[in-house]
Amino acid sequence: TNNFPEDLFEQGIQHFEEGNISEAILCFESTLRNIDPEHADAWRMLGRCHTENDEDSKAIVCMMRSIERDPYSPETLLALGVAYVNELDHERAVETLKSWV
């Protein structure tokens, strides 16, 4: 058995909602590294953390990994579209937001 808490992802969500982005990042990264590297929601939330930190290029990488695992997630498509807008990549933003709609 691993000695990582089962609710690591939920802890990350709580940190994110409380504005503790660096703590949230640690929870989501640990979830992906130690519990489930295919956790689409952890990839999405890690991407949202990077967006909060104005690190949109990192956010885009995480969102793409989430989309690969869950291609129809409206939350991820919207967040990815926003990250592309922030990066001034309007063509990709439009493509992504069309998928969202």
Distance, nearest 0.5 Å, that separates OG of Ser99 from CG of Leu80: 9.0 Å
I'd like to know if the side chain of Arg69 and the backbone of Arg65 have a donor-acceptor N/O pair within less than 3.5 Å. yes
Do you see a donor-acceptor pair shorter than 3.5 Å between the side chains of Glu10 and Gln14? no
Other residues, nucleotides and ligands only: do more than 12 of their heavy atoms fall within 6.0 Å of CD on Glu18? yes
Quick check for you: to the nearest 0.5 Å, what is the distance between His39 atom NE2 and Arg44 atom CZ? 9.5 Å
Fellow cluster residues of Trp43, listed by chain then number, with links counted only when side-chain atoms sit under 4.5 Å apart: Phe9, Ile13, Phe16, Ile21, Ile25, Phe28, Leu32, Met45, Leu46
How long is the straight-line distance from CG of Leu8 back to SG of Cys27, given to the nearest 0.5 Å? 5.0 Å
Which atom pair, heavy atoms only, marks the closest approach of Pro71 to Leu77? O-CD1, 4.1 Å
As an exercise, state the distance from CD of Glu52 to OG of Ser22, rounded to the nearest 0.5 Å. 12.5 Å
Arg92: which residues meet the salt bridge (Lys or Arg N to Asp or Glu O under 4.0 Å) condition with it, sequence neighbours left out? Asp89
Which heavy atom in Ala93 sits nearest to a heavy atom in Gly81, and how many Å separate them? CB-O, 3.9 Å
Answer with yes or no whether the hydrophobic clustering places Leu78 together with Val94; edges join I, L, V, M, F, W, Y residues whose side-chain heavy atoms lie under 4.5 Å apart. no
Do any N or O atoms from the side chain of Asp70 and from the backbone of Ser66 form a donor-acceptor pair under 3.5 angstrom? no
How close do Gly47 and Ala59 get, heavy atom to heavy atom, and via which atoms? O-CB, 3.2 Å
Hey, does Met63 have a side-chain heavy atom less than 4.5 Å from the side chain of Arg48? yes
Here the gap from Leu26 atom CG to Arg33 atom CZ, rounded to the nearest 0.5 Å, amounts to 8.5 Å
Suppose we screen for salt bridge (Lys or Arg N to Asp or Glu O under 4.0 Å). Which residues come up paired with Asp36, at least two apart in sequence or across chains? none
Note, His50 side chain near Asp56 side chain (heavy atom, < 4.5 Å): no
Report the distance from atom SG of Cys49 to atom CD of Glu55, rounding to the nearest 0.5 Å. 10.5 Å
